[in-house]
Amino acid sequence: MSQRQLAMVMDLNKCIGCQTCTVSCKTQWTNRNGREYMYWNNVETYPGEGYPKKWQELGGGFDEAGDLKAGVVPSLQGEYGVPWDYNHEELANGAQLKPHVDPKWGPNWDEDEGAGDFPNDNYFFYIPRICNHCTNPGCLSACPRDAIFKRDQDGVVLVDLDRCQGYRYCIAGCPYKKIYFNPRISKSEKCILCFPRIEKGLPPACAQQCVGRIRFVGFLDDEEGQVYKLVKKFKVALPLRPDYGTESNVYYVPPTEAPPKFDANGKIIEGSERIPPEVLEKLFGKEVHEAARTLRAEMKKRKETGESELMDLLIAYKHEDMFRLDNNYYAEYAKSKGMPVIKPVDERYLSGKYTSKMKFFTKGANA
Amino acid sequence: MKTLKTIIVLMSLLGLTSLMAQSLNALYVKEDLSKVSLTSNVWQKAKEQSVEVYPQTTIEMNDAELIKANEANLAKVLHVKTLSDGKSVAFLLQWNDKTKSLQTVQSTTDYSDGFAVQFSTVNDKLPYIGMGSVDRAVIVHLQKATGKVYEPNNGGDVYHQVNASNQNAFAKELTSYKNEVAKQGNGDYQRAFIAEGFRSLTQIRDNSEPSLMEMKYDKGVWSALLVRPLKSEHLNLQGSFPVAFAIWDGEKKNRDGAKLLSAWVGVSLDANAKALALLDEAKGDASNGEKLMMENCSACHQYKSVKNAPNYMAPNLSNIGGYANASYLKESIMEPSAVVVPGYNLNAHKNFLWYTSDDKGVRTSTMPPFAHLDEKSVNDLVAFMKTLKVEVEK
């Protein structure tokens, strides 16, 4: 358990599936080094199979007794899809442009397909997904090497690349399949919540670049912060698949704003819900109904009175309000630990805790 | 060879002690072993001895496909030759494996065949087999059959690890780029580790435990070589010393704890070396031990068909006789906190934690000491526990 927890809220009513977040992450962290197939951030269409394919059916997470459930490691060929290149060099010789493998799956493969019959009751919405930096991470629990750790200062979950030996139990253990095996270096890698950025008071790249301003970032115990207000005060931001038992720290404002259904004559069915409530309940748990009620009530209140703190929060007028990262928090934390004040990179992530002399079982080393 | 097989079959039918080696005799040779290879003629002089390796069952890992692939897991026989030139010790291991598995850079689900040889840094007490234990560290030499592997932390040359398609390089330029990338990958995944218990395995990067390793697959048989100095920073091997072997089958998605593991066996560097007292097998009445085990142990431990205890209550002992030595079993009964095996899941089974930690990180096992048992009962229990093991693959 970390001392504080940094969390992210994503408002799904505002996500337009533009993939700007995906690109900002991909170009910053995962465009090389055996990470070509990795999407630490991806945006998938729901209903859809997602990335990796059918991730919700690949196991992992915890059972009711708190024991790890068995999971599987997705394959590059089947579930992720081999990232393909084109034969650009051959074009000058008259060849036709073609991918170097026969593509079978990839991120965004089923983009905008959704479900239902157009135009009567078809629907889809977008879910951007990153590592949830869980309070009870399945990856951390499954690692027999103590190579995954949750940072004390902010709860960011990281892989110690020095200790990781590429066993991949973490991937089986993460029910969101948001930890990836890098076959080129034979180690696991994952979203680092852009910790080198947040330590300088900057939000993660995916959040900063988001054109829909759907992402809020802040500490869960910061009562003035928008994250606290959305998650704890108004309870409209909910974790994805809470039934996995990992206590995820990325929260979603569920999509509530879809048009009503049409009947056979093309007329509006009053009071109908285009996104079936059971679909939302599967994703966000039973609390989704109360969250939707709150959202609708606040919207109504805004229309009638012009006042609603929740609507003001969700409109996200100012970028600086959305990312309350306590600019001086990391500097103060470093000072209290006797660390150099500017510490943009986590030392353990870079160099591990390798030592040729064994004295591991000291306080804190195996907490 | 045929006669030997007949004798083994007859003896196992009669329930007699197996012929497997408790002690490996290293043949002294004049040749410089630091240059020996798998195909060196010097191996022809050495006598082949057999060591059984058993599936480690203490902890079930969370990989569904691994669990399925290992349902019918059997023990295997390792054929071992041992040499010494007075400065180094060399082991040649051979085992049957119908499938050659290589971990490649194009797959997330390939696992490699591999082997490890383990040495104890202490000689008065045996460390926990497989991972060592506090104040009883082990040195592990590991080799895995992998494709080219790149080190993320050491080289620091990120430029040459960029996808070739992302380069503004063509023709000869691109070829030299690709050659440089290929050069940076190490084909052989060889590592030396030091460990003081579960979760402590740590790579030794300063070459203070040097080794020469080789793995070769031919017609269904893996041959593997390890040569290392008798003296190094952590080890001073002389007379007789304990050693243990492990092998991994990539086809069965084996890695880490999912392996076949031997008990500690003694290596004698010369004929006059005193056998290791630590490796003495307990003599006891196994049938009385079985009764005692049911009375004293089965409420918490599962073993074979005895499943009175809930899953994860305590380590599963189904194969304990295959890879644990009598002295370790005895110690674990009398002083359970001497070696504490952690569960695989840091956050689970809160109702029956296997140990508690004090603020200095010292672990106390939740198993009470059974020091009140008389010596005969303990010997009987150990004799029974030594029978807890699966069949050896034919």
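Since the model is a prediction, treat every value here as computed from it, not as a measurement. We use all heavy atoms of the structure for the numbers below, so side chains are in, but hydrogens, waters and symmetry mates are not. Reminder, nothing fancy here: chain letters follow the sequence lines and each chain counts from 1.
A:Tyr169 carries B:Arg255 over the face of its six-membered ring, with the cationic atom under 6.0 Å from the centre and within 45° of the normal. Both tests do not hold together for A:Arg241 against A:Trp55: distance to the six-membered ring centre under 6.0 Å, angle to the ring axis within 45°. No cation-pi contact links A:Arg163 to A:Phe149, judged by a cut-off of 6.0 Å to the six-membered ring centre and 45° from its axis.
Partner A:Glu44 forms a side-chain contact (heavy atoms from CB on, under 4.5 Å) with one of A:Tyr39, A:Tyr51, A:Trp109 and no other, that one being A:Tyr51.
Chain A forms more heavy-atom pairs under 4.5 Å with one residue of B:Tyr189, B:Tyr111, B:Phe170, B:Phe193 than with any other, namely B:Tyr111. In terms of heavy-atom pairs under 4.5 Å with chain A, the best-connected choice from B:Glu209, B:Lys253, B:Gln103, B:Lys144 is B:Gln103.
Residue A:Pro83 does not touch chain B at all, counting heavy-atom pairs closer than 4.5 Å. Looking at A:Tyr80, the atoms closer than 4.5 Å to chain B (heavy atoms on both sides) all sit in the side chain, from C-beta outward. Using a 4.5 Å cut-off between heavy atoms, B:Thr146 makes no contact with chain A at all. Residue contact with chain B, scored on non-hydrogen atoms closer than 4.5 Å, involves the backbone and the side chain of A:Gln165 alike. No part of A:Tyr180 comes within reach of chain B, as not one of its non-hydrogen atoms sits under 4.5 angstrom from that chain.
Taking a 6.0 Å sphere around NZ of B:Lys231, one finds it holds 12 or fewer heavy atoms contributed by other residues, nucleotides or ligands.
Using a 4.0 Å cut-off between charged nitrogen and carboxylate oxygen, B:Lys68 and B:Glu65 do not count as a salt-bridge pair.
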